[in-house]
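Only a predicted model underlies this, so the values are computations on that prediction, with no experimental measurement involved. Convention: sequence-line order gives letters A, B, ...; per-chain numbering from 1.
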There are 2 protein chains.
Amino acid sequence: MVAKQAPEKRRRLVDAAATLFYEQGFNRTTLADIAGEADVPLGNVYYYFKTKDAIGEAMVEQRLSDFRALRARWEERGDARDRLRSFVRMTVDNRRQLARSGCPIGSLALELHEADPAVRERLAENFTAWVAAVRGCYEEAEERFPAGTDVQALAELTLTVMEGGVMQARTHRDIGPFDRGVEQLRRHIDLLTQAHEERNAA
Amino acid sequence: MVAKQAPEKRRRLVDAAATLFYEQGFNRTTLADIAGEADVPLGNVYYYFKTKDAIGEAMVEQRLSDFRALRARWEERGDARDRLRSFVRMTVDNRRQLARSGCPIGSLALELHEADPAVRERLAENFTAWVAAVRGCYEEAEERFPAGTDVQALAELTLTVMEGGVMQARTHRDIGPFDRGVEQLRRHIDLLTQAHEERNAA
DNA sequence: GTCTATATGTGGATAGAC
DNA sequence: GTCTATCCACATATAGAC
């Protein structure tokens with residue numbers, strides 16, 4: 001009956017790793033840090049993970065499955081615009097932390113460089129899943145865009161702008177570049193739909 | 001007369017650091033690596049730099065002054081479109097390496113996290129200088145944009161799209177996201193100028 | 001100014017008691 | 001399954017001869 005505590009500890013370690021990797025980066029976070037944050041003795045860590053890289057892998061995988069669960073809940077709501085709005089609110093609420101610590105996926109992706117291929121692939125999966133979710137929103141509003149609009153490219157651009165914006169924001173210690181990037185993206189979409197409507201009106 | 005070799009060695013170290021930090025990242029590059037690449041004995045490194053961070057600082061500063069020199073040469077050419085084109089060609093020629101190793105400034109910016117404030121500020125200066133150069137190009141073509149167009153925001157967006165695109169390209173090991181991002185940016189600018197011209201024609 | 005040899009500290013990882 | 005004590009490798013940094 002006490003046996004069920006084991007996975008719970010593992011989970012605590014993964015969560016602690018997620019927090020610390022995000023706030024201080026992978027390299028600057030020691031196993032001792034993680035163990036301390038999770039309130040687990042250092043030696044015990046190796047019962048759950050063979051190496052530090054394995055923790056990284058587990059953490060990125062956790063993020064991916066969390067996102068998938070979140071997305072599943074999203075998809076239940078019928079309205080695409082509503083979904084997109086709730087998503088935008090989510091990131092806007094995080095603006096400050098984004099400006100300070102960047103994107104938890106993007107930062108890791110650049111920090112790990114060549115390191116562990118398994119981790120890199122899961123990071124890529126995270127990006128792919130995110131783009132797919134946004135693409136779904138655009139797709140459902142497809143009739144508002146000109147015929148032949150590449151919604152995949154548009155969804156990718158959305159992630160691109162946010163990642164690029166967050167990177168500059170963090171480097172400048174100023175949220176401005178992020179906000180202005182998002183604003184420009186909004187205008188781009190306005191221009192697209194506007195151009196379409198004008199053509200329809202003609 | 002042999003005394004003038006000293007600064008030359010220092011320069012070799014900085015160049016070696018630039019290459020290695022770019023290809024393997026800051027943390028994974030050891031001082032021994034740098035000394036080896038520069039063909040300088042390890043112990044000698046400390047004659048030129050007090051710490052590893054100091055090398056990072058010198059390297060980022062070097063990049064900044066190199067860019068400023070390049071920009072000065074650019075500005076000599078009168079035509080803004082010509083300048084922008086030569087710049088675009090420069091990055092397009094680097095597409096493959098960008099997809100593999102990312103942006104040398106952006107990667108460092110995310111890797112160093114909180115680490116050294118001095119380095120972070122110089123990285124920010126690099127971004128600022130780059131945006132200013134691009135902004136100059138847009139500014140000279142200002143009459144092609146609708147009145148009140150925020151060229152600063154447009155220049156920032158250009159960097160944003162490239163950084164975001166390169167980040168995804170590197171993570172996916174596929175240049176596609178970068179190329180598509182740049183293409184979307186081009187369309188955005190097309191839409192802007194087009195909208196302007198249509199209004200002028202009316 | 002240049003370089004060898006080495007100190008020092010840190011952090012990932014293991015052995016083995018409980 | 002849990003945890004303490006410790007090993008060991010490695011990377012930064014220094015001491016000091018030349």
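For the pair B:Leu13 CG and C:dG1 P, the interatomic distance rounds to 15 Å; values are reported in whole Å. Atom-to-atom, OH of B:Tyr48 to P of D:dT14 comes out at 18 Å; the value is rounded to the nearest Å. Rounded to whole Å, atom C1' of C:dA15 lies 14 Å from atom CG of A:Leu42. Following rounding to the nearest Å, B:Leu31 (CG) and D:dA13 (C1') show an atom-to-atom distance of 8 Å. Atom OH of B:Tyr46 and atom C1' of C:dT8 are 12 Å apart (whole Å). The separation between B:Asn44 atom CG and D:dG16 atom C1' is 14 Å, rounded to whole Å. Atom CG of A:Asn27 and atom C1' of D:dA11 are 13 Å apart (whole Å). What separates NZ of A:Lys52 from P of C:dT10 is a distance of 15 Å, to the nearest Å.
Of the residues near DNA chain C, A:Lys50 and A:Arg28, the one whose nearest nucleotide (by heavy atom distance) lies more toward the 5' end is A:Arg28.
A heavy-atom distance below 4.5 Å is not found between the side chains of A:Asp53 and A:Val119.
Of the candidates D:dT12, C:dG12, D:dC3, the closest approach to any side-chain atom of B:Thr30 belongs to D:dT12.
Here the straight-line distance linking atom CD of A:Glu75 with atom CZ of A:Arg83 works out to 4.5 Å at 0.5 Å rounding.
Under the 3.5 Å distance criterion, the side-chain polar atoms of A:Arg81 are left unmatched by any main-chain donor or acceptor of A:Ala141. Formation of a donor-acceptor pair under 3.5 Å by the A:Glu139 side chain with backbone atoms of A:Val151 is not found in this model.
In this structure, A:Tyr47 reaches the D:dG1 phosphate: one of its side-chain N or O atoms is under 4.0 Å from OP1 or OP2.
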